[in-house]
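All remarks here apply to the structure that follows.
Residue numbers run from 1 in the order of the sequence given. Quick note: numbers below take in every heavy atom, side chains included, and nothing from hydrogens, waters or symmetry partners. Owing to the predicted nature of the structure, the values given are computational and were not obtained by experimental measurement.
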Amino acid sequence: MPKIEVNEKLFFNLLGTKYDWDTFEKKLTFAKAELDEKPDESAPENERVIKIELNDTNRPDLWSAGGVARCLREHEGKGHSDYSKFMSYEGNLKDTGNRLAVVDPALRHIRPFMVSFVISGKPIDNAMLIDIMQTQEKLAWNFGRKRKTISMGIYRAENLKWPVHFIAADPDKVSFVPLQGEEKQTCREILENHPKGKEYGWILKDFEKYPVLQDDSGEIMSMSPIINSATLGQIEVGDKDLMVELTGIDMKDLMLAANIVACDFADAGYEILPVKVHHEYDTGFGNDVVIPYYFQQTTKARLSAINKKLGSSLSEDEVKDALVRMGSKVDVLNENGETVFVVHPAPYRNDFLHEVDVIEDVMIGKGLDFFKPEKPNDFTIGRLLPITVYSRKVKNIMAGIGYQEMIFNYLGSKKTYIDNMGIDGKNVIEIANPMSENYQFIRPSIIASLFEAEAQSGNAVYPHKIFEVGKIAFIDETENTGTKTIQSLGFLTASNNANFNEAASEVSTILYYLDHKYEVHETNDPRFIPGRQAGIMVNGKQAGIFGEIHPQILENWQVGVPCVAGEIDLEYLMATEPKEHSQNVQSKEEPKPESAAPKIDPVEYFNKHIELKVAKILSVETNPQGDKLYIEHLDDGSGTERIIQSGLRPYLKEEELLGKHVIIAANLAPRKMKGVESRGMLLASDYVEDGVEKAELLTAPWAAPGTQVVLEGFEPSEKPAKIDIDKFCKVEYKIVNKMAQAAGKNLVAAGKPIVMEKTVNADIE
């Protein structure tokens, strides 16, 4: 986690008050920070340093003395700073005078974006200069991924001539004196000889031209993102007007970083002068950008969701106050009878991606001490999941045929999972706000992970035979969530005689011991050599793939021997496992398979474990992340609104759902789908009309919300525990001659049977 060092006097001056150290430690929790080390009391007052550790990599605005001081100041209720004097936004761009920067079109595929502003006013003192340098390095190293996506330079504005030019320079012809240097060097020489060139040269070394910033007189300011010049780029105590520039490859990140630095300086009493930067190509915000610029989007959060997540009963005013104390501006709306907060993030923040991020701010704004601990009231019995038992069986088989088990992370980089594996990446899941590019993607295949190990094993004695049983995930639009996660077996053999026939033999052995019949068919996977790969077909569906790895993939990983590899979907194999095989003897620690358990009485099971209720649909909205999903808001008689997601968009219009008294599975465990938690399931059936498949809801318009739906002849039972969908489906639900049935008996609500209008005979889903 980031650590910062702040001058004690500067920090408490920015804060506007001084705490004792015990109070200070408690206050730091509001900035998700800890006191790492107190200052040395024997040091002169102007030189005392406080060391602070930040616990959130999504809040780069806190990585400075000004950022932490602002956070604590606002949490004390001292109000928000006014940044409107210099902050542009859509439709209102601030005047930039002659302050203009022009970006060379040739940089489009090298380092395409630049933003800038000027700091003016009082001279820079030593404490502020040290804090500037720290902020510059923290933003570039942590947030900017070691300067690859963001770098920052600061220059003497009073000595430069506008406009400035960000150009693509010939590295062998352009030369200047770098910081900490005494003689002119070409850009290439700086990359090869200067300490900063050696440290960051990897960012530019593969380009024919290097990014260079110069003023209108041709005076070199810096070679981005490597080093400033020793002239305009040499900042000293007492300097008054400073130009700040940031360059990189992600425009939003650059704009956020610029806003952070500008707000820090504004809070310290400096004047911020906007700069216009012209790009020949679109930046996502037009060709001309005026910085600082407010670009953040609003985020909504429902009062009911906030109180549910936090286990609280906060009022509208309490929630709004907590969010304002966290630096945001808040509007309160009433949408369909529900209180909704519209949060406008501060210009130095862009970490709100979802309603839950707002809820986290409410929690921090109220303070953790506000929430009293509660003992859990759920009782559960631990057991091994069936897929865990099956995976152990697979691991034993793999060990028996000479493979060594490996364990890997599920998150990795684009290079690992996409580039090195030669795939297009269109089905790979990307993290929206990763800690770093090394944890940016969720792995879509175990084979890439196995190559991570093999690439480091060139000195080990061959053959190398390694495998892993673990999770993979990928985009799948057929799923309600839009993604699918499965348990998979991946295996790899590296040796001089590794070949397709060897892999085919081992696949045959694995599936033999898993008692599966299979066929192979031709595939065209870019990871494997054409004609030397095959799909594993089980019951007519591809359950895996194996083959000889393509030479280009081996070269990408710098693996010098032939390799064969494969991957198999274990969840599909387990689901299609022959029943007689599933009755094999289990180990003592493993539960008996369900086929060996005594048969259940479906009526008794329904009455004991299933809770069906009548609920009224109050409002319907579409889930923007799922093209099949409705989000239904329902009154289920409990007094608390219930949210359920359903895949009914292809079959029913919103107006066909509104106001309906539907039947819901009320005690299903909550499940998150496409970013929204669903608490239950609407019951419906399929029917065909004029050759078109349609859906019909089970309804009870005569019954009040909350009415329990029971089996005919039985009274409502006690409220059962939460169950998963597998337990819910242990009972058969059908439409028989238009009558809705469960466990072979009619379903009844308030004494009346549930009767369908259009469905005659079908399953209930």
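In this model, no donor atom of one side chain and acceptor atom of the other lie less than 3.5 Å apart for Ser229 and Tyr155. Side-chain contact check for Asp172 and Thr186: no donor-acceptor pair (N or O, by modelled atom type) lies under 3.5 Å. Between the side chains of Ser64 and Asp264, a donor-acceptor pair is found at a separation under 3.5 Å. Checked by atom type, the side-chain pair Asp267/Ser81 shows a donor-acceptor distance below 3.5 Å.
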> Checking side-chain contact (heavy atoms from CB on, under 4.5 Å) for the pair Tyr462/Val561: CA distance, chi angles, key distance, verdict?
Replying inline: CA-CA 9 Å; Tyr462 291 99; Val561 298; 3.5 Å; yes
> How far apart are the C-alpha atoms of Ile431 and Tyr439, what are their side-chain angles, what is the distance that settles it, and do they pass the side-chain contact (heavy atoms from CB on, under 4.5 Å) test?
Replying inline: CA-CA 8 Å; Ile431 306 297; Tyr439 304 100; over 6 Å; no
>> Please evaluate residues Asp253 and Arg145 with respect to the criterion salt bridge (charged side-chain N to carboxylate O under 4.0 Å, His left out), reporting the C-alpha separation (whole Å), side-chain torsions for both, the decisive distance (0.1 Å), and the verdict.
In response: CA-CA 11 Å; Asp253 286 350; Arg145 299 177 184 176; 5.9 Å; no
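Other residues, nucleotides and ligands contribute only 12 or fewer heavy atoms inside 6.0 Å of the CD atom of Gln297. By the 6.0 Å contact criterion, NZ on Lys329 is open, its count of non-hydrogen atoms from other residues, nucleotides or ligands being 12 or less. Counting heavy atoms of neighbouring residues, nucleotides and ligands inside a 6.0 Å radius, atom CD of Glu182 does not exceed 12 of them. Taking a 6.0 Å sphere around NZ of Lys148, one finds it holds 12 or fewer heavy atoms contributed by other residues, nucleotides or ligands. Asp424 CG: more than 12 foreign heavy atoms inside a 6.0 Å radius. For Lys184, the NZ atom sits in a loose shell: 12 or fewer heavy atoms of surrounding residues, nucleotides or ligands are nearer than 6.0 Å. For CZ of Phe295, the number of neighbouring non-hydrogen atoms (other residues, nucleotides, ligands) closer than 6.0 Å is greater than 12.
Every residue meeting the side chain to side chain donor-acceptor pair (under 3.5 Å) condition with His464, not counting sequence neighbours, appears here in chain and number order: Glu454. Not counting sequence neighbours, Thr135 has no partner by the side chain to side chain donor-acceptor pair (under 3.5 Å) test. Every side chain to side chain donor-acceptor pair (under 3.5 Å) that Thr247 has, sequence neighbours left out, goes to Arg111, Ser151, Ser224. Applying the side chain to side chain donor-acceptor pair (under 3.5 Å) test to Gln185 and every residue at least two apart in sequence or in another chain returns nothing.
Residue pairs that meet the ring-ring contact (aromatic ring centres under 6.0 Å, His included) test with at least one member in residues 251-270, sequence neighbours left out, are Phe265-Tyr270.
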Scan the side chains in residues 211-219 for donor-acceptor partners under 3.5 Å anywhere in the protein, sequence neighbours excluded, and list what turns up.
| residue | atom | partner | partner atom | Å |
| --- | --- | --- | --- | --- |
| Asp215 | OD1 | Ser217 | N | 3.0 |
| Asp215 | OD1 | Ser217 | OG | 2.7 |
| Asp215 | OD1 | Gly218 | N | 3.2 |
| Asp215 | OD1 | Glu219 | N | 2.9 |
| Asp215 | OD2 | Lys161 | N | 3.1 |
| Asp215 | OD2 | Ser217 | OG | 3.2 |
| Asp216 | OD1 | His165 | NE2 | 2.8 |
| Glu219 | OE2 | Thr231 | OG1 | 2.9 |

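Side-chain contact between Ile124 and Val237 is absent, with no heavy atoms from C-beta onward closer than 4.5 Å. Counting heavy atoms from C-beta on, the side chains of Ser116 and Met114 come closer than 4.5 Å. A heavy-atom distance below 4.5 Å is not found between the side chains of Arg147 and Trp202. With contacts defined as side-chain heavy-atom distances shorter than 4.5 Å, the pair Leu191/Met223 qualifies. Counting heavy atoms from C-beta on, the side chains of His194 and Glu199 never come closer than 4.5 Å.
In summary, Arg349 and Asp351 engage in a salt bridge, as defined by a charged side-chain N under 4.0 Å from a carboxylate O. Using a cut-off of 4.0 Å between Lys/Arg side-chain N and Asp/Glu carboxylate O, Asp104 and Lys209 are scored as not salt-bridged. Ion pair Lys85/Glu271 not flagged as a salt bridge, since none of the NZ, NE, NH1 or NH2 atoms sits closer than 4.0 Å to an Asp/Glu carboxylate oxygen. In this structure, Glu53 does not pair ionically with Lys32, as no charged nitrogen and carboxylate oxygen lie closer than 4.0 Å. Using a 4.0 Å cut-off between charged side-chain N and carboxylate O, Glu192 and Lys198 make no salt bridge. No salt bridge links Lys138 with Glu5; every basic N to acidic carboxylate O contact stays at or beyond 4.0 Å.
Annotation: the span from Lys51 atom NZ to Glu34 atom CD amounts to 15.5 Å, rounded to 0.5 Å.
Heavy-atom minimum distance, Val244 versus Leu246: CG1-CD1, 4.1 Å.
Ring geometry, Phe11 versus Phe24: the interplanar angle exceeds 60°, so the pair is classed perpendicular (tilted spans 30 to 60°).
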